[in-house]
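First up is the structure itself, then whatever we jot down about it.
Heads up: numbering here begins at 1 and tracks the sequence. Order of appearance sets the numbers: ligands from 1, and atoms from 1 within every ligand.
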Amino acid sequence: MCGIVGYTGNRSMDSVLLVGLERLSYRGYDSSGIAIVSEGELSFWRKSGKLHELEEMLKDKTLTGTVGIAHTRWATHGKPNEINAHPHLSHNRKLAIVHNGIIENFHDLRMKLSRKGHIFRSGTDSEVIAHLVEEYLQDDLVTAVEKAVLDLEGAYAIAVIAESDPDKIVVCRSGSPLIIGVGKEENFIASDINAIINHTKDVVYLEDNDIGVVMKNDFYVKKTGGAKVSKEINHISWDPKAAEKNGYPHFMLKEIFEQPMVVRRIISKMISDDKVVLRNFKMSDSKLKKIKRFIIQACGTSWHAGLYGKYLLEKYARILTEVDISSEFRYRQMIMSGNEVVIALSQSGETADTLAGIREAKSRFFNVISFINAKNSTMDRESDDVIYSYAGQEVGVASTKNFTAQLISVYLFTIYLAILKGTISEEQERNMVAELKRLPEYMEQILSQSDEIIKIAEKYYLSKEFLFIGRSVNYPSALEGALKLKEISYIHATGYPAGELKHGPIALIDSRLPVVCIVPKSETYEKMITNIEEVKARKGKVIVIGTYGDEQVKKYADDIIYIPEVSEDLSPALAALPMQLLSYHIAMKLDCDVDQPRNLAKSVTVE
Ligand code: G6P
């Protein structure tokens with residue numbers, strides 16, 4: 001989604017704002033811009049395209065000023081062009097705003113303001129905020145912002161600067177994340193800690209309806225229409241180096257190769273003496289034992305991890321589990337008969353649809369357990385309990401290491417519940433944990449086959465479409481494999497449960513269609529072989545992801561990538577890796593920008 005960064009202090013504005021935008025550009029990247037107030041005068045620069053366009057425009061300038069704000073955009077209203085890029089200016093051009101989110105009543109506000117003589121320059125919903133603040137601005141910028149936001153409907157994180165108040169950045173949030181970074185003789189604002197972490201690790205998280213007033217030597221927070229509130233300063237323990245590529249050409253590749261390390265980290269955090277532990281979990285074991293139904297809701301890759309969770313939770317913990325896409329979840333009647341828990345899965349902890357689902361569930365008194373990667377995210381703060389995926393910062397827009405981390409966390413949570421309920425024995429737990437401990441090494445074996453995967457990518461990268469099939473726990477793997485390919489190479493790909501092939505998608509198969517078949521040794525193996533024969537009979541190209549030493553499946557395969565033999569339950573955490581690499585190398589052959597694929601955003605904070 002869009003990213004915001006702002007600065008007040010003694011450094012040059014470009015050194016802070018451009019670097020901040022660079023570190024935010026994984027969130028949205030169709031245009032960018034900066035506005036500063038210098039010697040009481042507002043100036044601004046905007047450019048469509050990726051950030052380097054703006055950098056090029058500013059390359060010979062040193063921007064000095066008292067306050068500055070910057071934005072990288074992911075278009076919702078209005079085309080991704082220069083006119084629609086942020087910052088947006090008021091009618092009199094003396095005030096500038098940047099905005100993340102969507103203003104739902106912008107048509108009405110725009111009409112009202114146009115009648116008062118305001119001339120709008122862009123096609124965005126955001127511009128209305130600048131005009132509205134101007135309309136309310138008499139002598140105090142803070143009061144004007146406060147009045148303006150009361151008129152807004154929708155989701156927003158806003159930062160405002162004005163010539164009339166050249167020492168202040170006024171920020172406000174409702175539904176979109178925003179933080180204040182606290183420094184010495186300098187302060188920052190940002191939509192995401194990444195933007196400022198190389199300058200400060202002390203941050204204040206704003207809550208909905210907070211107004212933050214940020215000056216060089218001070219800041220305060222108040223409630224919209226209310227009094228000042230005291231805010232805790234949180235110290236972030238991350239290493240900013242985590243957001244660097246460490247010699248890899250892309251974040252995505254680095255993150256694919258980090259997966260063995262991530263699994264080791266999860267094991268160290270969630271397993272003690274070969275038993276699963278849930279750290280800082282508030283819900284008591286007796287309450288956990290009584291859960292009768294889970295309702296999982298998530299988006300994108302996280303939804304696929306949720307589908308996997310259904311298989312495991314039902315199989316081992318014997319708890320009925322439903323899985324919804326978050327944006328559809330709210331349209332269902334949530335029938336509560338007692339002892340249901342809503343589970344949310346999210347890498348970012350900020351996805352608006354998933355967050356809305358959490359809020360809806362909480363308003364109906366459901367307990368919410370969230371599986372989240374980003375600590376201190378909004379979902380982290382709003383969920384009753386959180387299980388972290390410990391994937392470390394994920395920068396590549398297409399999720400990779402967090403997907404496998406989610407699978408493993410769900411796997412371990414299931415074991416914990418199953419032991420509590422007595423639906424598995426302690427010996428089973430020991431075996432399941434022992435197998436998990438072998439996973440990092442297995443992942444390393446798969447990653448060492450990169451060269452073979454590159455050859456397969458070279459063979460198929462010109463295909464117009466792909467099909468991915470799998471059964472049982474590897475049906476979500478098929479969906480995830482197809483999503484990865486679509487996201488970064490723009491090749492149309494569909495994931496299907498293999499048994500459903502004959503009910504429609506088989507019509508697509510001809511000699512040009514590559515079909516990725518996920519067929520590890522499992523209970524569904526023979527049925528998968530039948531489905532592969534069906535593909536072969538129609539001359540489809542069969543790319544197999546199979547178990548080392550499987551000679552039977554090799555007979556049908558045009559190409560084969562081996563994964564080590566594991567139980568079916570853990571096979572999706574291995575099968576994901578060759579598919580991620582295949583997508584990556586196909587995208588490379590097609591010269592696509594894998595870390596910042598077109599039209600996508602890492603964290604989508606609008607509904
Ligand atoms: C966006 C990203 C996807 C991601 C989805 C859910 O659409 O492009 O890669 O899977 O959001 O994100 P979350 O942070 O909630 O897991």
Side-chain angles (χ1 to χ4, degrees), residues 1-3 24-30 74-76 100 175-177 191-194 251-252 255-256 296-309 323-329 342-359 368 370-380 382-383 386-407 409-410 476-477 479-490 493 495 576 579-580 583-584 587 592-607:
M1 211 74 276
C2 309
L24 283 177
S25 54
Y26 74 101
R27 292 175 66 99
Y29 30 74
D30 58 46
W74 183 80
T76 53
N100 285 356
S176 291
S191 51
D192 181 327
I193 179 71
N194 286 310
F251 282 109
M252 182 178 175
E255 288 159 4
I256 291 173
I296 299 181
Q297 55 110 10
C299 304
T301 291
S302 294
W303 174 62
H304 299 155
L307 288 171
Y308 166 82
V323 191
D324 262 353
I325 289 180
S326 300
S327 54
E328 290 298 316
F329 174 60
V342 169
I343 292 182
L345 288 116
S346 175
Q347 188 286 126
S348 61
E350 301 291 353
T351 302
D353 290 322
T354 313
L355 186 57
I358 291 179
R359 289 178 176 163
V368 175
S370 292
F371 288 72
I372 292 169
N373 191 34
K375 282 195 182 167
N376 294 315
S377 55
T378 311
M379 286 183 214
D380 187 3
E382 294 194 14
S383 305
V386 171
I387 294 175
Y388 296 112
S389 46
Y390 299 112
Q393 193 189 4
E394 193 177 64
V395 177
V397 165
S399 185
T400 51
K401 61 176 177 172
N402 189 65
F403 175 64
T404 43
Q406 281 174 334
L407 300 182
S409 338
V410 169
S477 305
L479 294 178
E480 176 59 11
L483 180 64
K484 276 305 76 96
L485 188 66
K486 287 191 266 235
E487 282 180 317
I488 60 168
S489 70
Y490 320 137
M579 291 191 286
Q580 293 165 353
S583 298
Y584 173 83
C592 296
D593 186 346
V594 291
D595 281 339
Q596 297 183 349
R598 72 180 181 211
N599 306 341
L600 296 183
K602 180 75 186 155
S603 134
V604 180
T605 50
V606 290
E607 290 176 54

Exercise. Calculate, to the nearest 0.5 Å, the distance between atoms OG1 and CD1 belonging to Thr404 and Ile256 respectively.
Key: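 The CD1 atom of Ile256 is 10.0 Å from OG1 of Thr404, to the nearest 0.5 Å.
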
ask   = Are the side chains of Gln297 and Ile325 in touch, meaning some heavy atoms are under 4.5 Å apart?
value = no

| task | Would you please write out the protein residues whose heavy atoms approach any atom of ligand 1 to under 4.0 angstrom, listed by chain and number? | result |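 Ligand 1 pocket, heavy atoms under 4.0 Å: Cys299, Gly300, Thr301, Ser302, Ser346, Gln347, Ser348, Thr351, Val397, Glu487, Ala601, Lys602, Val604.
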
Donor-acceptor under 3.5 Å (Asp595 side chain, Met252 main chain) | yes

**OP:** Using atom types as modelled and distance alone, determine if a side-chain donor or acceptor of Gln580 lies under 3.5 Å from a backbone N or O of Lys484.
**Re:** no

*Do Lys401 and Ser389 have a side chain donor and acceptor closer than 3.5 Å?*
no

For Glu394 and Ser399, test the side chains for any donor-to-acceptor distance below 3.5 angstrom and give the result as yes or no. yes

